[in-house]
Amino acid sequence: MDWTWAGGLAAGLLIATLTAPVGVSGAVFLLPIQLSVLGVPNPAVTPTNLLYNVVAGPGALWRYRRDGALHGDLARRLVLGTLPGVVLGATIRVFALPGPSVFRLLIAALLLPLGLWLCLRSLTPVRHRPPPAGELSPRTLTGLALAVGVVGGTYGIGGGSLLGPILAGRGLPVARVAPAALAATFATSLVGAAAYALLSLVSSGDVAPDWWLGLACGTGGLIGGYLGARLQPRLPEQALRLLLGALAAGLGALYTAQTLN
């Protein structure tokens with residue numbers, strides 16, 4: 001096996017195990033590894049990341065479904081909102097903004113303050129916390145999912161890494177947010193990967209995914225996602241919120257540093 005496939009398998013396994021408990025597939029953390037270590041070119045890194053989500057997603061989702069955590073309409077609303085957005089995002093990525101710098105800055109500007117706020121809110125004693133903002137209206141939730149779908153389709157992250165911190169920040173339990181965010185990530189990644197495959201037929205450059213590397217990373221993520229979903233019920237809510245906030249803030253800081261350099 002080529003060392004890049006072995007590296008992708010190991011990276012997918014480790015990342016998914018750490019991120020699946022909070023509803024993040026891990027693709028957003030895999031992307032810089034693909035760019036800097038595994039040498040995937042732009043913009044092919046985006047559909048490769050989406051392919052990772054497609055392969056990795058069923059592991060965590062099967063476990064969450066088995067535990068009954070996918071009940072309710074939150075997942076359905078997120079999926080219906082993000083699906084059209086991911087197609088639009090893929091089109092923008094290929095024909096308008098092929099470079100990664102703009103999107104690193106965009107993700108950093110969103111995730112860094114959101115992650116820090118979520119960590120601080122989780123560490124604040126319950127009696128001193130402001131009351132949760134509560135449920136979003138169906139129209140607002142659909143609009144949010146659509147916007148996240150555009151960003152996720154453009155950057156190849158599926159959207160769970162954005163939806164998770166936002167919804168948890170609104171006060172929704174992470175145990176409820178995580179399965180819904182992963183379901184939206186899986187559905188949008190499936191559509192997004194297909195969109196990029198079709199766009200590769202009518203555009204020049206490295207647009208199609210690196211199929212073998214995406215499958216290797218996804219296989220690792222499939223195993224890691226199942227392990228992470230199995231681990232989630234054993235973690236307290238505060239620990240899950242801290243993990244989600246730390247992941248978001250850490251990624252935002254990383255992309256800020258990469259953009260400034």
Side-chain angles (χ1 to χ4, degrees), residues 1-64 82 86 89-90 93 100 103-104 107 111 151-162 164 178 181-197 199-200 206-231 247-248 250-251 254-255 258:
M1 177 183 290
D2 189 276
W3 78 267
T4 57
W5 298 357
L9 180 72
L13 173 62
L14 178 61
I15 290 172
T17 302
L18 293 174
T19 59
V22 292
V24 179
S25 70
V28 70
F29 296 95
L30 186 62
L31 188 141
I33 295 175
Q34 290 188 11
L35 282 173
S36 304
V37 179
L38 302 178
V40 181
N42 267 306
V45 67
T46 298
T48 303
N49 241 18
L50 292 173
L51 178 60
Y52 159 81
N53 283 337
V54 171
V55 178
L61 289 175
W62 182 80
R63 183 68 199 191
Y64 280 131
T82 52
V86 74
R93 179 75 160 109
F103 296 100
R104 284 176 178 165
I107 298 300
L111 288 186
V151 176
T154 305
Y155 203 57
I157 58 176
S161 59
L162 303 178
L182 283 174
T185 294
F186 174 73
T188 54
S189 296
L190 185 63
V191 173
Y196 274 101
L199 288 170
S200 69
D206 298 303
V207 176
D210 185 326
W211 294 100
W212 288 112
L213 181 59
L215 289 172
C217 294
T219 301
L222 181 71
I223 301 169
Y226 176 86
L227 295 176
R230 185 174 183 179
L231 179 65
L247 290 174
L251 182 66
L254 173 63
Y255 283 170
Q258 290 179 342

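Reckoned from all heavy atoms, side chains included, excluding hydrogens, waters and symmetry mates.
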Practice item. Please answer whether the main-chain N or O of Gly26 pairs with a side-chain N or O of Tyr52 as donor and acceptor at a distance below 3.5 Å. Key: no

Revision key, fill the gap. Distance col, row Cys217:SG vs Asn49:CG, nearest 0.5 angstrom, shows 8.0 Å

Point to revise | Nearest non-hydrogen partners of Ala229 and Ala60, listed with the distance | key: CB-O, 3.8 Å

Point to revise | For the student: nearest non-hydrogen atoms of Leu13 and Thr17, plus distance | key: O-OG1, 2.7 Å

Point to revise | Spatial distance of atom CH2 (Trp62) from atom CG (Leu222) [nearest 0.5 Å] | key: 11.0 Å

Exercise for review: Nearest 0.5 Å please: distance from the CG atom of Leu51 over to the CG atom of Asp210.
Suggested key: 9.0 Å

Review point. Between Ala20 and Ala178, which heavy-atom pair has the shortest distance, and what is it?
Key: O-CB, 4.4 Å

Practice item. Taking side-chain contact (heavy atoms from CB on, under 4.5 Å) as the test, write out the residues that go with Arg230, two or more places apart. Key: Arg63, Tyr226, Arg234

Check your understanding: What is the distance from atom CG of Leu9 to atom CG of Leu14, rounded to the nearest 0.5 Å?
Key -> 11.5 Å

Practice item. Compare all side-chain heavy atoms of Ile33 with those of Ile15 and state whether any distance is below 4.5 angstrom. Key: yes

Check your understanding: Side chains of Thr19 and Ser25: closer than 4.5 Å at any heavy-atom pair?
Key -> no

Exercise for review: Kindly compute the distance separating CG (Leu190) from OG1 (Thr185), expressed to the nearest 0.5 Å.
Suggested key: 12.5 Å

Review point. If you look at every heavy atom in Ala16 and Gly225, which pair is closest and at what distance?
Key: CB-N, 3.5 Å

Revision key, fill the gap. Distance col, row Thr48:OG1 vs Asn53:CG, nearest 0.5 angstrom, shows 11.5 Å

Review point. What is the minimum heavy-atom distance between Tyr64 and Leu182, and which atoms define it?
Key: CE1-CD1, 3.5 Å

